[in-house]
2 protein chains.
Amino acid sequence: MADKAVPDIVVGRLPIYLRALTYLKADNREITSSQELGDRLGISSAQIRKDLSHFGEFGKQGTGYDIAHLERNLKAILHVDRMWDVVLVGAGDLGHALAAYRGFAGRGFRIAAVFDKDPAKIGKPIGNDLVIEDVATLADRVREQGWQIAIIAVPADQAQLVANTLVQAGIRAILNYAPITLMCPSGVRVEQIDPAAHLQHLTYYLG
Amino acid sequence: MADKAVPDIVVGRLPIYLRALTYLKADNREITSSQELGDRLGISSAQIRKDLSHFGEFGKQGTGYDIAHLERNLKAILHVDRMWDVVLVGAGDLGHALAAYRGFAGRGFRIAAVFDKDPAKIGKPIGNDLVIEDVATLADRVREQGWQIAIIAVPADQAQLVANTLVQAGIRAILNYAPITLMCPSGVRVEQIDPAAHLQHLTYYLG
DNA sequence: ACGAATTTGTCAATAGTTGCACAAATCGCA
DNA sequence: TGCGATTTGTGCAACTATTGACAAATTCGT
């Protein structure tokens, strides 16, 4: 049963499956099952089988899934069987943390450039081998390099402006850390990370 | 129509509504409508009305919602009509960024303490008026202070261990930045933030 | 070689979520 | 005052997602 339009909620779980497979492989495991994956992820085995079945048949009855094989397939499905350049806007504390984060490389991403508007920061080194660039040059650089993915890590009151610039310059996917809902044209996908919102979700359940 | 067991997906949207209301209030607006909120958040007005209706009747037909009134009610529903102490474990780049983050205070949270296991970091200042403490003392400090919420910002291979310690010490809600699915007993709620997973979700849609 | 034990992929059933549409309430203005 | 324009809260219908159950395929031990 291959693709007719996979639900977004299913797509959102694939990176979690991929992550789990990578850990299993690092543990020198070769075979796993929907049961084992589900137990590790707190998801029912039926859901995992159903999710994967949207993309093909990856398992073997009686045996389970070949970890390396399924990992390779999930990477291809998510298009992370290649390296993506990501442009980071905002070189505050969060921007510095993201620029230095070691977790992106193994999962298909490389911070290609960092921009900020603070003249005191422009020209300063950041991360491992980057230099903070002037946000005034952002649009030109995005166009020139053909970057398609951006991370926004600027204050909330500047996020929409930055997003507009990025979209205008051709960015097609944005990971937004500013605590504001970005308005972007369809065709540009946005994912939002807001730690305070997550914490508030949690406190609902704390009497 | 007040509570019988509100769907978790509805609870997850409340912080977004609250965030939007706070911006409207900062803009000196007094009244809004489900239509306006929906337009700003990319959500249908019907969904906003239905979500809110789980908790009571906050609007006025023909007029809309009093922003300050609804904001107050949402804060009470989410239990952020008070300040919560949050314990942060991990003082790497991300830990430093979270300790310094100015966005928590206005939304009900205060980083109360930061722990790390690196002897070179213990005793060093972090954030505005905190000092990094030894993770060996984490359990005792959590019990002694009665902290209920924790943020985990340690490497993946130590996250489960830290989580176990926290749960043992009485923590009931965890925001986990480590790229691994934590196994916690029911009664402990976990939210996960994994930037690389979000980026992979996005790249699925980039041919 | 055979039977018991696994495990997949999928169909059908259940459960959950969203959107439509409208009565009822309110407002603003002539 | 009275009428048209708004806007809520909700019943219902449409849609989406999850789970249960099982035939078919495979493995493993005897």
Side-chain angles (χ1 to χ4, degrees), chain A residues 1-17 20-21 24 29-74 77 181 186 201 204, chain B residues 1-14 16-17 20-21 24 29-71 73-74 77 181 186 201 204:
Chain A
M1 290 276 133
D3 49 32
K4 28 196 128 181
V6 180
D8 186 64
I9 194 164
V10 172
V11 177
R13 280 190 293 261
L14 300 184
I16 308 306
Y17 300 164
L21 289 168
L24 284 168
R29 295 282 311 283
E30 298 198 340
I31 302 289
T32 186
S33 65
S34 59
Q35 182 69 61
E36 181 184 40
L37 279 173
D39 289 349
R40 289 198 173 215
L41 300 177
I43 288 177
S44 80
S45 64
Q47 179 155 85
I48 291 176
R49 293 199 300 278
K50 180 140 217 189
D51 285 353
L52 296 177
S53 78
H54 282 99
F55 302 95
E57 307 198 352
F58 304 108
K60 207 166 165 189
Q61 286 168 331
T63 308
Y65 299 93
D66 181 281
I67 291 170
H69 176 249
L70 182 54
E71 188 193 32
R72 229 175 306 115
N73 276 277
L74 283 179
I77 291 165
T181 301
S186 68
H201 188 163
Y204 173 81
Chain B
M1 290 285 131
D3 49 35
K4 25 196 131 183
V6 180
D8 186 63
I9 194 165
V10 172
V11 176
R13 280 190 293 261
L14 300 184
I16 308 305
Y17 301 163
L21 289 168
L24 285 168
R29 296 283 311 284
E30 298 199 341
I31 302 288
T32 186
S33 65
S34 59
Q35 182 68 60
E36 181 182 40
L37 279 173
D39 288 349
R40 289 198 172 214
L41 300 176
I43 288 175
S44 80
S45 63
Q47 178 156 84
I48 291 176
R49 293 199 300 279
K50 177 94 96 181
D51 284 353
L52 296 177
S53 79
H54 282 99
F55 302 95
E57 307 197 354
F58 304 108
K60 209 167 164 187
Q61 286 167 329
T63 307
Y65 299 93
D66 181 281
I67 291 170
H69 175 250
L70 183 54
E71 187 193 32
N73 275 278
L74 283 179
I77 292 164
T181 302
S186 68
H201 188 164
Y204 173 81

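A:R72 meets the side-chain hydrogen bond (donor to acceptor under 3.5 Å, both in side chains) test with no other residue; sequence neighbours excluded. Residues passing the side-chain hydrogen bond (donor to acceptor under 3.5 Å, both in side chains) test with A:S33: none are found, sequence neighbours excluded. Residues satisfying the salt bridge (Lys or Arg N to Asp or Glu O under 4.0 Å) test with A:R40, not counting sequence neighbours, are none. Residues passing the salt bridge (Lys or Arg N to Asp or Glu O under 4.0 Å) test with A:D39, sequence neighbours excluded: none.
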Would you list the protein and nucleotides 2-4 of chain C atom pairs, both N or O, that sit under 3.5 Å from each other?
none

What protein N or O atoms touch nucleotides 27-30 of chain D N or O atoms at under 3.5 angstrom, if any, and at what distances?
{"from": "D:dT27", "atom 1": "OP1", "to": "A:K60", "atom 2": "NZ", "distance (Å)": "3.4"}

Can you tabulate the close N/O pairs, meaning under 3.5 Å, that link protein atoms to atoms of nucleotides 18-20 of chain C?
{"from": "C:dT18", "atom 1": "OP1", "to": "B:R13", "atom 2": "NH1", "distance (Å)": "3.2"}
{"from": "C:dT18", "atom 1": "OP2", "to": "B:R13", "atom 2": "NH1", "distance (Å)": "3.4"}
{"from": "C:dT18", "atom 1": "OP2", "to": "B:R13", "atom 2": "NH2", "distance (Å)": "2.9"}
{"from": "C:dT18", "atom 1": "OP2", "to": "B:Q47", "atom 2": "NE2", "distance (Å)": "3.0"}
{"from": "C:dT18", "atom 1": "O5'", "to": "B:Q47", "atom 2": "NE2", "distance (Å)": "3.0"}
{"from": "C:dG19", "atom 1": "OP2", "to": "B:S44", "atom 2": "OG", "distance (Å)": "3.0"}
{"from": "C:dG19", "atom 1": "O6", "to": "B:K50", "atom 2": "NZ", "distance (Å)": "2.8"}

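The shortest distance between side-chain heavy atoms of A:V6 and B:Y204 falls below 4.5 Å. You'll find the side chain of A:F55 reaches within 4.5 Å of the side chain of A:L14, heavy atoms only. By the 4.5 Å heavy-atom criterion applied to side chains, A:R13 and B:H201 are not counted as neighbours.
The CZ-P distance, from A:F58 to C:dG9, rounds to 9 Å in whole Å. The distance between atom CG of A:L52 and atom P of C:dT7, rounded to the nearest whole Å, is 16 Å. Computed from coordinates, the A:E57 CD to C:dT7 P distance equals 18 Å when rounded to whole Å. Rounded to a whole Å, the CG atom of A:D8 is 12 Å from the P atom of D:dT18. Counting to the nearest Å, the C1' atom of C:dG16 and the NE2 atom of B:H54 are 11 Å from each other. A:I48 has its CD1 atom 14 Å from the P atom of D:dG20, to the nearest Å. Going from atom NE2 of B:H69 over to atom P of D:dT8 covers 14 Å, rounded to whole Å.
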Show the atom names and distances, to 0.1 Å, of all donor-acceptor pairs under 3.5 Å that link a side chain in residues 59-69 of chain B to residues at least two apart or in another chain.
{"from": "B:D66", "atom 1": "OD1", "to": "B:A68", "atom 2": "N", "distance (Å)": "3.2"}
{"from": "B:D66", "atom 1": "OD1", "to": "B:H69", "atom 2": "N", "distance (Å)": "2.8"}
{"from": "B:H69", "atom 1": "NE2", "to": "B:N73", "atom 2": "ND2", "distance (Å)": "3.2"}

In residues 42-49 of chain B, what donor-acceptor pairs under 3.5 Å come from side-chain atoms, sequence neighbours left out?
{"from": "B:S44", "atom 1": "OG", "to": "B:Q47", "atom 2": "N", "distance (Å)": "3.1"}
{"from": "B:S45", "atom 1": "OG", "to": "B:R49", "atom 2": "NH1", "distance (Å)": "3.3"}
{"from": "B:R49", "atom 1": "NH1", "to": "B:S34", "atom 2": "OG", "distance (Å)": "3.1"}

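Applying a 4.0 Å cut-off to non-hydrogen atoms, the residues of residues 31-40 of chain A that approach DNA chain C are A:S33, A:S34, listed by residue number.
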Side chain to side chain contact (heavy atoms under 4.5 Å, CB included) evaluation trace for B:Y17 with B:L70: CA-CA 10 Å; B:Y17 301 163; B:L70 183 54; over 6 Å; no

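Side-chain nitrogen and oxygen atoms of A:Y65 include at least one within less than 4.0 Å of the OP1 or OP2 phosphate oxygen of C:dG9.
Interatomic distance, A:L24 CG to A:T32 OG1, rounded to the nearest 0.5 Å: 5.0 Å. In this structure, A:D51 CG and A:I9 CD1 are separated by 9.0 Å, a value rounded to the nearest 0.5 Å.
Checked options A:V10, A:V11, A:I77; the residue passing with A:H54 is A:V10 (criterion: side chain to side chain contact (heavy atoms under 4.5 Å, CB included)).
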